[in-house]
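Below is one structure; the comments refer to it alone.
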Amino acid sequence: MAYTKLTAEEAAALIKNGDTIGLSGFTAPGTPKFITEALGKRAEKEHAEGKELRVNLFTGASTSDHVDGILSRNNVINMRAPYQNTPDLRKRINSHDAHYMDRHLSEMAQEARYGFYGKFDWAIIEVTDIDEEGNAVLGTGLGNAPTYVKLADKILIEHNTELPKTLKGMHDIYLPLDPPYRSEIPIFHANDRIGSPILKIDPKKIVGVVETYSLDGVKAFTEPDEVSKHIGSNVVKFLLEQYRKGDIPKEFLPLQSGVGNVANAVLYDLGESKEIPPFMMYTEVIQDAVLELMKKGKCTFASTCSMTFSDATEEELFKNLDFFHDKILLRPAEISNNPEVIRRLGVIAMNTALEADIFGAINSTHVLGTKMMNGIGGSGDFTRNAYISIFSCPSVTKGGLISNIVPMVAHADHSEHSVDVLITDQGIADLRGKDPLQRAELIIDNCAHPDYRELLHDYLKLAEGKGQTPHTLQSAMAFHTEFEASGDMRNVKF
C-alpha cells in the first residue's frame, strides 16, 4: 500500500489533547525531530488562544531539544517517562508543571505491554527506510520502538533521508514473550544475534509518512578536565589490578559504560593500556570513544541500544560503514539493559553518581535529595547484575563547596548492597567483603577530598556504637543542611 505523505505540521495536527505517544530512539539518536517540533509550535499558538494541548510522552531514554526541549518550553508534556536530560523539562518537573515517572530503562517496554500506563494512541517512529509491507529499517537509536508500534492505535513515520539505508543489518529486534510464557533470552555472547534486522510495522496503522533530513545533532563532549582524567586513570588502574590478579578472566569481560566525559576518559585510557586485551561491550549507549577503540582494534564489538555519536563522528561512521557494520549491533532497550543477560555475560558496569555516602549508597538522580537532575537511566539495570559494579564521581564540586562523599545520601538510588567499588579523583575504595565500618574507613580515606576527610571521620566517631551501620540521625544530613544555610559544606561542625 502507498502511504499518505504528510508535512510535519499536518502530522502534528492529528494529535489530540490528552493523547499518549510512544517515540522511537534512545538519547537523541533515533528520536523523531520534525513532528514533535511542529507539535510544540502548534501548542504555542493554541495555548495563546486559551486552548489546552498536553500529551503523555513515553520514550526509550532521553531525547533532544527537538522533543523534550520545545515541548517543555510550550508546556505540552503532561506525563513523561522513563528518562530525560533537558534543562527545560527538568524545570517543569521540579516545579510540578509536568509529571515525571523515573523508571529503570529495562522495565519501560514490558510495563507498557502489561498495560500499566494505559492505551497508546500514537507511535512516532524514525526510520531510514520502509517498504509498502511495513518492513522498516530503524536509525541510529532503537529504544522501545518495537513495543510502541505494537501497542499504538496509529503510527506516524519520520523517514529520515539523511541516514543511509545501509544501516540495515545493524539492528537486532527481539521482543520477549510476556509472563507466564517468557523463556530465556538466548544471548550467550555480546555479539549473538537473536532477532530481526527490520522492524515489522502493521501498514494499516500507518497514518502518514513525513520526509525528514537531519543528523542526530549530538554535541561533542568537551575534552576531559583534570578531574575526569584522574577518575578515568583510577578506573583503569583498578581494572588492571583485577586483571593481573586473575579476578577478571584472561579473555576479559564485556564492559558497560555510562554517558559523559568521565566515561569517555575511561574508554580512552583503556585504549592506551597494552595489558588489557581486546574486549567487547554490552551496554546501552556507545559514544565517540568507542569508534576510536574499534579503529585501534581494542574494542572488537559493541552491543548497544544507541549510537550516541557527535555529528562529526556520525558522519565518519556513515563514510566507513563497511568497516563498522559487523562490529555494532543495536538492540531494544529491554534487551540491551536486560538483567538476565547482563548477569549471564558477566558485564563489568561503570556508572556515575551525583553523590555517595560513607557506606557506599549512591544518589544518581536528585540534587540535595529533592531536585531531579536526569533520572536513574540504566544504571540500576547494570549495577545490580554486574560482575563488578563500579561507581565514580568527583570528590568535590563547585570548587570544593560541595563534597560528593557525604555521611548519608540525600536520595538513595542504589543501596550499598549493589555497589562493589567507588572511585573518585582521589582514589579507589574496593568495598567487596567489607562490613559497613570498614567500608566507611575505606571511602573516607581513599575517595573523599582532603578538605572533608576529618569532618567525615568526626561524623563516624559521633555515630560510634549506634548499631551495625552507625548513623546519628540528627546529624546525618548535616552536610546538606549546611550547604543550604551557608553555601559551603566545609562549615559543618559536629
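- Within a 6.0 Å radius of CZ in R490, other residues, nucleotides and ligands contribute more than 12 heavy atoms.
- The closest side-chain heavy-atom distance from P249 to Y387 is below 4.5 Å.
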Check the pair N374 / R90 against side chain to side chain donor-acceptor pair (under 3.5 Å), numbers first and verdict last. CA-CA 7 Å; N374 298 327; R90 188 179 303 133; 2.8 Å; yes
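- Using a 3.5 Å distance cut-off with no hydrogens or angles, the side chains of N351 and Q256 do pair a donor with an acceptor.
- Contact of the L330 side chain with the M307 side chain is registered, since non-hydrogen atoms from C-beta on lie closer than 4.5 Å.
- In this structure, the side chain to side chain contact (heavy atoms under 4.5 Å, CB included) partners of P254, at least two apart in sequence or on a different chain, are Y282, L345, V347.
- Side-chain N/O atoms of S106 and D381 include a donor and acceptor closer than 3.5 Å.
- Across T424, T352, I231, a single residue satisfies side-chain contact (heavy atoms from CB on, under 4.5 Å) together with P394, and that is I231.
- No donor-acceptor distance shorter than 3.5 angstrom exists from the side chain of S257 to the backbone of M350, with no hydrogens or angles considered.
- Sorted pairs that involve residues 395-412 and meet salt bridge (Lys or Arg N to Asp or Glu O under 4.0 Å), not counting sequence neighbours, are lacking altogether.
- Pairing each heavy atom of A302 with each of V290, the nearest pair is CB-CG1, 4.3 Å.
- Between the side chains of S364 and H414, at least one donor N or O sits under 3.5 Å from an acceptor N or O.
- Aromatic ring orientation, F479 versus Y452: tilted (interplanar angle from 30° to 60°).
- Residues F318 and L215 have side chains in contact (heavy-atom distance under 4.5 Å, counting atoms from C-beta outward).
- Here the side chains of I328 and M294 are in contact, with some heavy-atom distance below 4.5 Å.
- No side-chain heavy atom of T36 sits under 4.5 Å from any side-chain heavy atom of I21.
- Each of L431, I388, I348 was scored for a side-chain contact (heavy atoms from CB on, under 4.5 Å) with V421, with one residue passing: I388.
- Checked by atom type and distance alone, the side chain of R331 never pairs as donor or acceptor with a backbone atom of S336 at under 3.5 Å.
- Residue pairs that meet the salt bridge (Lys or Arg N to Asp or Glu O under 4.0 Å) test with at least one member in residues 298-327, sequence neighbours left out, are K295-E316.
- Across G258 and Q287, no two heavy atoms sit closer than the pair O-NE2, 3.7 Å.
- For the residue pair A448 and I444, the shortest heavy atom distance occurs at CB-O, 3.4 Å.
- For F323, the ring pair (Phe, Tyr, Trp, His ring centres under 6.0 Å) test picks out no residue, with sequence neighbours left out.
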Begin from the C-alpha positions of D269 and V235 and carry the test side-chain contact (heavy atoms from CB on, under 4.5 Å) through to its verdict. CA-CA 9 Å; D269 278 4; V235 172; over 6 Å; no
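- Taking the side chain as every heavy atom from C-beta outward, L442 and D430 never approach each other to under 4.5 Å.
- T365 has its side chain within reach of I376: a pair of non-hydrogen atoms, C-beta onward, lies under 4.5 Å apart.
- Within 6.0 Å of NZ in K237 there are 12 or fewer heavy atoms belonging to other residues, nucleotides or ligands.
- In this structure, the side chain to side chain contact (heavy atoms under 4.5 Å, CB included) partners of S214, at least two apart in sequence or on a different chain, are K33, F34.
- Counted by atom type alone, S95 and D97 present one or more donor-acceptor pairs between their side chains at under 3.5 Å.
- Using a distance-only test at 3.5 Å, with no hydrogens or angles considered, no donor-acceptor pair links the side chain of T383 to the main chain of S389.
- Within the 4.5 Å cutoff, the side chain of L167 has heavy atoms near those of the L321 side chain.
- Judged as a side chain to side chain contact (heavy atoms under 4.5 Å, CB included), and not counting sequence neighbours, the contacts of P82 are T59, R80, R103, L105, M108.
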